[in-house]
K.L.:
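Just dropping this structure here.
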Amino acid sequence: MAKKVRQARSSAGPRGANRILLRGEHGQQSAIVSNAYLENRAMRWRYKLTKRSRWKYRLAEELKKLEKDLKGLHWDPAERDDVGFLDWIVSTSLLEVRIPYRDESEGWAARIAPWEFMLNSVNRRRGGTGDFSVIRHLERPRARKTVPSSISRVLYLECAPAELREHFSFNDERRRLHMRFPKAEVEELFSPTRDVLRRTVSTFKPHVIHVAGVDTHQARSLLEERWELPADWGLLDGTVLTDDEGWIDPVAAQDFAKLLNAGTRKPILVFCNFYHSASRIAALCVAGGAQYAIGYQDTVDDEIAETLFSEFYDAWRGADWCMLPAFVAAVGILRRSPQKLTGTGIVLWSAHSLLDAQSGGLAESKRKRAIRRQKPIGVKEAELEIEVIPNESVNYSMLHNASHGLFSKFAFHKFGDGALLDVNVNVEFHVGADSFPFRKTLSLVDPYTTIEEEIAVPLISDLMRSVQEPLKTSLYAEVMCQEEVLYRQTSRMTLLPVDEWRDDEENRRWLPSFVLPRDPAVEKIITTAQSHLMTLTDDRTRGFDGYQSVAVDDPESLDDLDFQVQAIWAALVHHYRVQYINPPPSYTASGQRLRTPTQVLRGGRGTCIDLAILLAACMEYVDIYPVVFLLEGHAFVGYWRSEEYYLEFTSPEEVEGGERDATREGTWGSEADWIVPRREYAEILRQIHSGRLYPIESVGLTDHGSFWRAVDEGVENLRDPAEFHSLVDIKRARAYQLTPLPIKEDSYGE
């Protein structure tokens, strides 16, 4: 009876554009139905990945939700192993997602779904080896099945016209592309018009089109800071070319794919080395005739992108232009490199099934490449280039948090095939009479290796922890290999005061280290605030318990949380009576000297940001989650009224507005994961207006005004989106081990 039921369901099973097939390298396969549930979950995880900065420090919780969503997909009972799909996924190292293509308006959910992230996550969660790759087959009629014997024509296309070019430099990428195809004819186009691109593709007939530049979403975010753009400008996936008047022309994905396929001979590969290029641009390139296309699901780190295309082109040439082993090798190297893949999908689209055509020789290709890569080579064979960029200035917060402290870049570019062994790096940072060494010996196997985040120095010097004025010092760096000096340089460097914070794009992230909940003054403030809390709650036993008694469905408990913050405010207003003061001199363009809580209370004065981080430290001390709002030229504090509200904000579940909106948002950009940037302004405002997040105008302390007036003024501060810069999440910064500075006790001023 069960067999008859299964057959009946099978005969009614989905076919054609509604059926997505997942295939493993050992013959396992399962099919899913493209329906409303898949559309919902595809949008959900596409959206969640663009917001991954909010939740990736709680990855285990999100992966449980992901697995539940995958189990809820409509599995086609006609396929075997449908029930056990999540189990057999750990037994394979390669999985192909076959997605039928008829029209751009059909089957979009399967194309935008972040399969690479979802399936890799399940593989890791269920104990897979980690050597796991996902590829996509866009199934379309009459797709050609050829492996090229050579690549002789390469088109380098740069898409960053007009003022966008000021933000980027693609010179290294262009140079490396030439080095990867030494025997090919390379044509170059720099932000052409549509007509010029169409003619070039038609006449040059490139085998490979390598596209560098920016996508429409990134272009919009850069341009809207200076220009008022049309409401629909750059909202769809695409890239930018130049229009007939020399200005920026946003080209939608479908139009761009047609331009790249304009010739009678279609490209073998289109490599889209820019953001948001996988779901539509790369897929539509294959739909339009290209044999393969590679793109990124959303944003990608520049170093990852550099490593990927260098590794891929080397591997592709070494595999005699066989696509599957080259792609698997490049992604595998990224997975093992210091530059970790953190959510974005590196997506390979193919016009035909690579499992059918190439999987048989995959293991042998891996073995040969591993042997070739591990073969020791000399310095000359390595064709090594070393890129070292020391920071001009550094302070204790940068060194304390051990990320790009001494160098903004310390990278090795190896163009030869093989392993350059025993490369010795020697760095010495001089502070007064002290010298702080860093030593490292490494082997260069990958084409691109970077070590700036590994270069750390001891932080035990009394001088380093207490310097009060800028100090001129020096930084020495040396690289040697096989008794040959490859790099040697001494650079001047300025050691900034321990209390100086740099409000610039690179160093703004360190602000949470200046929030000092263990400062002795904070405990005094909380002790003083205790009596105010008992008065506000009319409870002699009441203490500071953070969110322990808060329930979002109990308004009184939310009010009780507000009383805790109000009590801290009352203590500062009535017992310490702080006055406003301008910032002390810093002698650097974007630097500001920040006072500790002890210094604020002892001197009875503070700047807007001094008062903001003082209140933030007090809230953190009693386990209330503070934030710091940064405006253009101003700062003030805020807090989450419940832990549940905070967790909901840091784990966005749904997206409103349909599939198009699900693809609009980028990640939080180049800022640190605990910096919520300007593009999230509307969402932050929604949290405030719904009573979940309360802003407080910290300068209200100097007016000795009421707590609730300061809250009203905090809301008023946010009336102009153009003034809003970012929100600093102190709780999330701590989750990333961004700890308070260990300032010496005598620096507290006691």
K.L.:
Check whether W569 reaches the backbone of G705 with its side chain - one donor and one acceptor, N or O, closer than 3.5 Å.
P.N.:
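Indeed, once roles are kept as given, a pair shorter than 3.5 Å links the two residues.
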K.L.:
Roughly how far, to the nearest 0.5 Å, is the CH2 atom of W640 from the CG atom of L647?
P.N.:
10.0 Å
K.L.:
For S698 and V637, indicate whether the former's side chain and the latter's backbone hold a donor-acceptor pair under 3.5 Å.
P.N.:
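Here the side-chain-to-backbone pair exists.
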K.L.:
Any side-chain heavy atom of L511 within less than 4.5 Å of one from W674?
P.N.:
no
K.L.:
Are R508 and D503 packed together at the side-chain level, in the sense that at least one heavy-atom pair is separated by less than 4.5 angstrom?
P.N.:
yes
K.L.:
Within the supplied structure, the quantity of interest is the number of heavy atoms (other residues, nucleotides, ligands) at a distance under 6.0 Å from E163 CD; does it exceed 12?
P.N.:
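Atom CD in E163 is packed in, count exceeds 12.
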K.L.:
Using only atom types and a distance under 3.5 Å, with no angle test, would you say the side chain of S513 pairs donor to acceptor with the backbone of T739?
P.N.:
yes
K.L.:
Apply side-chain contact (heavy atoms from CB on, under 4.5 Å) to the pair F407 and I455, showing each step before the final yes or no.
P.N.:
CA-CA 8 Å; F407 298 90; I455 299 176; 3.7 Å; yes
K.L.:
May I ask you to decide if T528's main-chain N or O and S531's side chain share a donor-acceptor pair within less than 3.5 Å?
P.N.:
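At least one qualifying donor-acceptor pair exists.
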K.L.:
Answer yes or no: is there a side-chain heavy-atom contact under 4.5 Å between Y621 and I525?
P.N.:
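No, side chains not in contact.
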K.L.:
Does E392, at its CD atom, have more than 12 non-hydrogen atoms belonging to other residues, nucleotides or ligands within less than 6.0 Å?
P.N.:
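For E392, atom CD is not crowded (no more than 12 foreign heavy atoms under 6.0 Å).
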K.L.:
Has R165 got a side-chain atom pairing as donor or acceptor with F168's backbone, closer than 3.5 angstrom?
P.N.:
yes
K.L.:
Identify the heavy atoms of P517 and P740 that sit nearest to each other, and give their distance.
P.N.:
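Heavy atoms of P517 and P740 come nearest at CD-CG, 3.9 Å.
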K.L.:
Looking at A570 and H532, what are the two nearest heavy atoms and their distance?
P.N.:
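Closest pair (atom of A570, atom of H532, distance): CB-ND1, 3.6 Å.
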K.L.:
Tell me if a side-chain donor or acceptor on R692 pairs with a main-chain N or O of S690 at a distance below 3.5 Å.
P.N.:
no
K.L.:
With the side chain counted from C-beta on, respond yes when L475 and F429 share a heavy-atom pair under 4.5 Å apart, and no when they do not.
P.N.:
yes
K.L.:
Looking at Y681 and A722, would you say the former's side chain and the latter's main chain have a donor-acceptor pair under 3.5 Å?
P.N.:
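Pair absent, no side-chain N/O of Y681 close to backbone of A722.
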K.L.:
Begin with the C-alpha distance, continue with both residues' side-chain angles, and end with the deciding distance and a verdict on side-chain contact (heavy atoms from CB on, under 4.5 Å) for I730 and V627.
P.N.:
CA-CA 6 Å; I730 306 301; V627 301; 5.9 Å; no
K.L.:
Heavy atoms, side chains only, cut-off 4.5 Å: are Y576 and K524 in contact?
P.N.:
yes
K.L.:
Output the distance between atom CD1 (I688) and atom CD (E683), rounded to the nearest 0.5 Å.
P.N.:
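It comes to 10.5 Å.
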K.L.:
Taking atom NE2 of H167 and atom CG of L222, what is their separation to the nearest 0.5 Å?
P.N.:
5.0 Å
K.L.:
Identify the heavy atoms of P677 and F724 that sit nearest to each other, and give their distance.
P.N.:
O-CE2, 3.7 Å
K.L.:
With rounding to the nearest 0.5 Å, note down the distance linking CG in D703 to CZ in R709.
P.N.:
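Interatomic distance, D703 CG to R709 CZ, rounded to 0.5 Å: 5.5 Å.
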K.L.:
Do T650 and K731 have side chains that approach each other closer than 4.5 Å (heavy atoms only, starting at C-beta)?
P.N.:
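Answer no - side chains too far apart.
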K.L.:
Nearest 0.5 Å, what's the CG-OG1 distance between L601 and T596?
P.N.:
8.5 Å
K.L.:
Before we go on, tell me: are the rings of Y547 and Y625 under 6.0 Å apart, centre to centre?
P.N.:
yes
K.L.:
Above 12 or not: heavy atoms from other molecules or residues under 6.0 Å from CH2 of W708?
P.N.:
yes
K.L.:
Determine the minimum heavy-atom distance between P597 and L614, stating which atoms define it.
P.N.:
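That would be CB-CD1, 3.6 Å.
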K.L.:
Got a list of side-chain donor-acceptor pairs under 3.5 Å for residues 557-564, not counting sequence neighbours?
P.N.:
{"from": "S557", "atom 1": "OG", "to": "A551", "atom 2": "N", "distance (Å)": "2.9"}
{"from": "S557", "atom 1": "OG", "to": "A551", "atom 2": "O", "distance (Å)": "2.9"}
{"from": "S557", "atom 1": "OG", "to": "D554", "atom 2": "O", "distance (Å)": "2.7"}
{"from": "D560", "atom 1": "OD1", "to": "R542", "atom 2": "NE", "distance (Å)": "3.3"}
{"from": "D560", "atom 1": "OD2", "to": "R542", "atom 2": "NE", "distance (Å)": "3.1"}
{"from": "D560", "atom 1": "OD2", "to": "R542", "atom 2": "NH2", "distance (Å)": "2.2"}
{"from": "D562", "atom 1": "OD1", "to": "Y639", "atom 2": "OH", "distance (Å)": "2.7"}
{"from": "D562", "atom 1": "OD1", "to": "R641", "atom 2": "NE", "distance (Å)": "3.2"}
{"from": "D562", "atom 1": "OD2", "to": "R641", "atom 2": "NE", "distance (Å)": "3.4"}
{"from": "D562", "atom 1": "OD2", "to": "R641", "atom 2": "NH2", "distance (Å)": "2.8"}
{"from": "Q564", "atom 1": "OE1", "to": "D545", "atom 2": "N", "distance (Å)": "3.3"}
{"from": "Q564", "atom 1": "OE1", "to": "G546", "atom 2": "N", "distance (Å)": "3.1"}
{"from": "Q564", "atom 1": "NE2", "to": "D545", "atom 2": "OD1", "distance (Å)": "3.3"}
{"from": "Q564", "atom 1": "NE2", "to": "G546", "atom 2": "O", "distance (Å)": "3.1"}

K.L.:
Of all the heavy-atom pairs spanning I248 and A162, show the shortest one and how long it is.
P.N.:
CG1-CB, 3.8 Å
K.L.:
Looking at side-chain heavy atoms only, is the closest gap between E643 and V550 below 4.5 Å?
P.N.:
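Heavy-atom side-chain distance check fails, nothing below 4.5 Å.
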K.L.:
Does I675 offer a backbone N or O that forms a donor-acceptor pair with the side chain of R509 under 3.5 Å?
P.N.:
no
K.L.:
How long is the straight-line distance from NE2 of H725 back to CZ of R678, given to the nearest 0.5 Å?
P.N.:
6.0 Å
K.L.:
If we ignore hydrogens and angles and just use 3.5 Å, is the side chain of T216 paired with the main-chain N or O of G238 as donor and acceptor?
P.N.:
yes
K.L.:
Side chains of F514 and I609: closer than 4.5 Å at any heavy-atom pair?
P.N.:
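No. Closest side-chain heavy atoms not under 4.5 Å.
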K.L.:
Step by step, would you call Q687 with E648 a side-chain contact (heavy atoms from CB on, under 4.5 Å)?
P.N.:
CA-CA 10 Å; Q687 298 292 326; E648 287 178 3; over 6 Å; no
K.L.:
Salt bridge between K64 and E61, side-chain N to carboxylate O under 4.0 Å?
P.N.:
no
K.L.:
Does the side-chain contact (heavy atoms from CB on, under 4.5 Å) test come out yes or no for L223 and L164, once each step is laid out?
P.N.:
CA-CA 8 Å; L223 293 173; L164 291 174; 4.1 Å; yes
K.L.:
Determine the minimum heavy-atom distance between A616 and P626, stating which atoms define it.
P.N.:
O-CG, 3.6 Å
K.L.:
Would you find more than 12 non-hydrogen atoms of other residues, nucleotides or ligands less than 6.0 Å from E632 atom CD?
P.N.:
yes
K.L.:
I'd like to know if the side chain of R220 and the backbone of W233 have a donor-acceptor N/O pair within less than 3.5 Å.
P.N.:
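Yes; at least one donor-acceptor contact below 3.5 Å.
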